[in-house]
Amino acid sequence: MNKACAAITSFLVMDILERAHALEAQGRRVIHLEIGEPDFAPPPPVSEAAARAIRDGETHYTHSLGLPELRAAICADYLEKYGVTVCPDQIVVTSGTSPAMLLAFSVLLGQGDAACLTDPHYACYPNFLRLLGAIPRTIPTREENGFHFTPELLAARLVQDGVRASAVVVNSPSNPAGALMDEADFAAVCRLGPVVISDEIYHGLVYRGRARSALEFTDNCFVLNGFSKLYAMTGWRLGYVIAPPRYVAALQRLQQNLFICAGSVAQWAGLAALTEPSVKDYVAAMVATYDERRTYLVAQLRKLGLGTRAEPTGAFYVLANVKHLGRDSLSLAYDILDKACLGVTPGIDFGQGAEGYLRFSYANSLENIEEGMERLKKYLENFSKE
Ligand SMILES: Cc1ncc(COP(=O)(O)O)c(C=O)c1O
């Protein structure tokens with residue numbers, strides 16, 4: 001086997017989810033607080049646009065960069081939200097944010113190149129890098145500082161063993177900590193030199209403060225974004241990368257060879273998500289609901305003695321400290337699943353810096369979160385008796 005492939009680790013949350021499905025197949029009812037997948041249906045105009053596209057025969061390959069209408073709508077969205085002007089020719093529409101990540105990492109990073117990322121970080125970043133022979137250089141962030149990433153932390157790790165990092169990955173709001181980067185810190189990170197890869201997939205899911213786009217601070221950046229989270233479109237597989245113009249031809253060649261284009265039906269649906277006026281209200285209602293769940297979940301976890309020193313203010317995750325239980329996060333997550341039928345994600349999925357933590361997703365109904373907390377309470381009572 002290709003050595004780089006052999007080094008790829010499991011996306012642990014998927015392993016947990018699959019075990020949860022096996023329990024469900026045995027007739028047990030599992031509460032899912034592990035998976036970062038909105039429980040909402042997509043806004044109705046999205047599904048209507050998809051049905052229309054199928055009916056109208058919009059089912060062929062599209063332009064490899066994506067439908068011109070969709071790319072124009074993405075530009076309009078970035079102009080409206082961040083006041084930045086990007087050209088449709090800088091955008092490659094992809095089948096989810098994950099392929100956008102693969103394309104961006106591939107054109108930027110090769111054998112031996114280092115990319116800085118926070119620890120904790122989104123589980124898949126290091127694996128994408130390892131596949132390319134690049135080196136993930138992790139930068140520890142701390143719970144007491146809300147897992148915030150700062151220019152000082154980056155500056156201290158920019159050069160290591162004489163190798164200067166080629167890129168820095170920023171994810172604000174972040175998975176798994178729900179941390180929103182301070183505006184001045186984000187601007188300073190963008191000034192430090194290496195090209196910024198800004199994963200903006202949780203933009204819009206912000207409950208306090210405002211998410212900034214890297215494009216507000218620098219042109220030397222790749223923006224990754226997608227429709228999975230904000231528009232509850234995980235299964236539709238639609239995302240995009242906005243790249244500096246000089247990289248677009250290379251990105252396009254990769255897209256043509258690896259994927260040809262993103263799915264046509266999903267692209268028409270994505271266009272509706274960005275342009276149908278009623279979608280804004282639908283999204284605002286989802287965000288208000290997430291916020292309600294967030295407030296409840298953080299309070300309950302604290303009551304149960306699971307530390308969340310800094311309040312998460314974005315995405316739909318709480319990273320809770322369980323170090324006092326004295327057990328590694330992976331075996332703890334499986335034990336909670338097996339004994340309490342509650343799915344949670346082990347911190348170790350997100351790097352060494354999240355060992356001793358569990359991630360709880362509040363992309364589930366308040367009712368289910370309440371039930372999940374009840375189960376966790378009972379589990380912890382028995383845990384202390386063991
Ligand atoms: C930070 C981050 N980036 C990217 C992705 C991948 O999203 P997509 O479904 O668009 O491939 C996820 C999914 O959980 C994520 O958390």
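The chain is numbered in sequence order, starting from 1. Just follow the structure's listing: the first ligand is 1, and inside any ligand the first atom is 1.
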Subject >> Heavy-atom nearest neighbour in the protein, as seen from atom 11 (O) of ligand 1, with distance rounded to 0.1 Å >> reply: Ser98 OG, 2.6 Å
Original post:
Any idea which part of Thr234 is under 4.0 Å from ligand 1, heavy-atom wise: side chain, backbone, both or neither?
Top reply: neither
Original post:
Applying a strict 4.0 Å limit to heavy atoms, is Gly226 in contact with ligand 1?
Top reply: no
**OP:** List the closest protein heavy-atom neighbour of atom 15 (C) of ligand 1: residue, atom name, distance to the nearest 0.1 Å.
**Re:** Tyr122 CE1, 3.4 Å
**OP:** Looking only at protein heavy atoms, identify the closest one to atom 7 (O) of ligand 1 and say how far it is in Å.
**Re:** Ile201 CD1, 3.2 Å
**OP:** Mark up the atoms of ligand 1 that fall under 4.0 Å of a heavy atom belonging to Asn171, in ascending order.
**Re:** 1 (C)
Original post:
Would Glu37 count as a contact of ligand 1 if the rule is a heavy atom under 4.0 Å away?
Top reply: no
Subject >> Other residues, nucleotides, ligands: >12 heavy atoms within 6.0 Å of Arg28 CZ >> reply: yes
Show me the side-chain donor-acceptor pairs of residues 236-253 shorter than 3.5 Å, one per line, residues at least two apart or across chains.
from, atom 1, to, atom 2, distance (Å)
Arg237, NH1, Thr234, O, 3.0
Tyr240, OH, Asn225, ND2, 3.4
Gln252, NE2, Ser64, OG, 3.1

Original post:
Can you find a side-chain donor-acceptor pair between Glu34 and Ser361 that sits under 3.5 Å?
Top reply: no
Original post:
Is there at least one pair of N or O atoms, one from Asp199 and one from ligand 1, spaced under 3.5 Å apart?
Top reply: yes
Original post:
What is the ring orientation for Phe11 with Tyr122, classed by angle as parallel under 30°, tilted 30 to 60°, or perpendicular over 60°?
Top reply: perpendicular
Original post:
According to the interplanar angle, ranging from 0 to 90°, do the rings of His32 and His21 count as parallel (below 30°), tilted (30 to 60°) or perpendicular (above 60°)?
Top reply: tilted
**OP:** With heavy atoms of Met101 as the reference, note each atom of ligand 1 found under 4.0 Å away.
**Re:** 3 (N), 4 (C)
Original post:
Are Tyr317 and Phe350 close enough that their ring centres sit under 6.0 Å apart?
Top reply: no
**OP:** Please state which part of Ser228 comes within less than 4.0 Å of ligand 1, counting heavy atoms only: side chain, backbone, both or neither.
**Re:** side chain
Original post:
Is the His121-Phe149 ring centre distance short of 6.0 angstrom?
Top reply: no
Original post:
Between Asp335 and Tyr379, is any side-chain donor less than 3.5 angstrom from a side-chain acceptor?
Top reply: yes
**OP:** May I ask you to identify, for Phe227, whether its side chain, its backbone, both or neither come under 4.0 Å of ligand 1 on a heavy-atom basis?
**Re:** neither
Original post:
Of the backbone atoms (N, CA, C, O) and the side-chain heavy atoms from C-beta on, which set of Thr97 has a member under 4.0 Å from an atom of ligand 1: side chain, backbone, both, or neither?
Top reply: both
Subject >> Side-chain hydrophobic cluster, 4.5 Å single linkage: members besides Val30 >> reply: Leu12, Ile16, Leu23, Leu330, Tyr334, Leu337, Ile348
Subject >> Cluster overlap Leu102 with Val223, hydrophobic side-chain contacts below 4.5 Å >> reply: no
Original post:
What atoms of ligand 1 come closer than 4.0 angstrom to any heavy atom of Arg237?
Top reply: 8 (P), 9 (O), 11 (O)
**OP:** Please could you name the atoms of ligand 1 that Tyr202 approaches to less than 4.0 Å, counting only its heavy atoms?
**Re:** 1 (C), 14 (O), 15 (C), 16 (O)
Original post:
Does the N or O separation between Tyr317 and ligand 1 drop below 3.5 Å for any pair?
Top reply: no
**OP:** Tell me which protein heavy atom sits closest to atom 13 (C) of ligand 1, plus the residue, atom name and distance to 0.1 Å.
**Re:** Lys229 NZ, 3.1 Å
